[in-house]
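I have placed the structure first, in the form of structure tokens, so that the comments after it can refer back to it.
Here the structure is a predicted model, which means the values were calculated and not measured. Each ligand, and each atom within it, is numbered from 1 in the order the structure gives.
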Amino acid sequence: MVLGTAILLLWTGTEHLFGFFHRQSVQALSFALVDRVVVVDPGHGGVDPGAVGQNNVLEKDLVLAVGKKLALLLRQGGAKVVLSREGDYDLADPEITGLYQRKRQDLARRVALANNLQADAFVSIHINSFPSPSQCGAQTFARHGSPESQALARCIQEELNLLAPNSRRVPLPGDYYLLRHSRVPTVIVEIGFITNPQEYRLLQDPLYQSKLAWGLYAGLVKYFALRVQN
Ligand SMILES: [Zn+2]
């Protein structure tokens with residue numbers, strides 16, 4: 001893996017200066033994706049809109065767009081990708097009417113999907129909201145006590161930070177159902193704040209959605225490439 005090591009060094013040494021070389025490094029390391037099982041989980045769906053922005057812009061729609069773009073990139077790289085949802089629905093049974101009960105079953109099924117597939121990575125995509133509009137940037141959450149989850153979160157966080165040069169965000173431990181119940185390397189990624197005026201605009205822009213998908217993809221490539229090295 002001499003070539004891989006050299007490319008990883010190039011990656012870490014040049015990513016801020018030479019976007020072109022960074023992109024080349026990601027593509028050169030994409031061999032590490034081949035046959036990896038990745039569950040891409042666009043959060044919410046159906047009766048659950050997630051965070052709601054101005055003019056009824058909904059988290060569930062934005063994360064689905066990014067999730068589909070990520071799935072496409074991963075499939076092109078040779079990964080076996082399963083999307084938890086491909087439209088505006090949740091995974092609960094139709095006859096369940098209570099919102100709380102629907103949410104419980106929906107989340108349990110998303111986790112079961114990743115666990116049953118013994119996925120190599122489980123990436124749940126969300127959008128943040130906060131009372132103060134100044135909060136911005138992507139934030140990853142990892143499972144406390146899971147080195148795999150933390151490594152995955154770190155790789156993705158580093159890549160998404162490149163989209164916001166002033167972001168110093170680092171992965172945080174998250175006490176969320178998905179992280180507590182998953183038995184595979186799992187990360188929850190809040191890809192931006194719907195309450196920040198600039199990100200509110202960007203998150204609706206298909207080009208920026210592609211950049212976010214690329215950041216998630218590059219983080220996954222790096223995570224798997226590092227695993228091949230060790
Ligand atoms: Zn969410």
Is Glu158 salt-bridged to Lys222, going by a charged N under 4.0 Å from an acidic O?
->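 Answer for the salt bridge query: yes.
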Would Asp205 and Arg201 pass as an ion pair if we require N to O under 4.0 Å?
->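 Result for this pair is no, no salt bridge flagged.
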Give every protein N, O or S atom lying under 2.8 Å from the Zn ion (ligand 1), naming each by residue and atom.
->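 Protein N/O/S atoms under 2.8 Å of the Zn ion (ligand 1): His44 NE2, Glu59 OE2, His126 ND1.
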Linking I/L/V/M/F/W/Y whenever any side-chain heavy atoms sit under 4.5 Å apart, do Val37 and Ile156 land together?
->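 No; Ile156 is not reachable from Val37 via cluster members.
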Salt bridge (charged side-chain N to carboxylate O under 4.0 Å, His left out) contacts in which one or both residues fall within residues 91-104, not counting sequence neighbours =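 Found Asp48-Lys103, Asp90-Arg102, Asp93-Arg109.
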Cut-off 3.5 Å, no hydrogens considered: what does the side-chain donor-acceptor table look like for residues 134-142, sequence neighbours left out?
unit_1	atom_1	unit_2	atom_2	d
Ser134	OG	Ser132	OG	2.8
Gln135	OE1	Arg169	NH2	3.0
Gln139	OE1	Arg169	NH1	3.2
Gln139	NE2	Val170	O	2.8
Thr140	OG1	Ala153	O	3.3
Thr140	OG1	Gln157	OE1	2.9

Check residues 65-80 and write down every donor-acceptor pair under 3.5 Å in which the side-chain atom is one partner and the other belongs to a residue at least two apart or another chain.
unit_1	atom_1	unit_2	atom_2	d
Lys68	NZ	Glu86	O	3.2
Lys69	NZ	Ser210	OG	3.3
Arg75	NH2	Val81	O	3.1

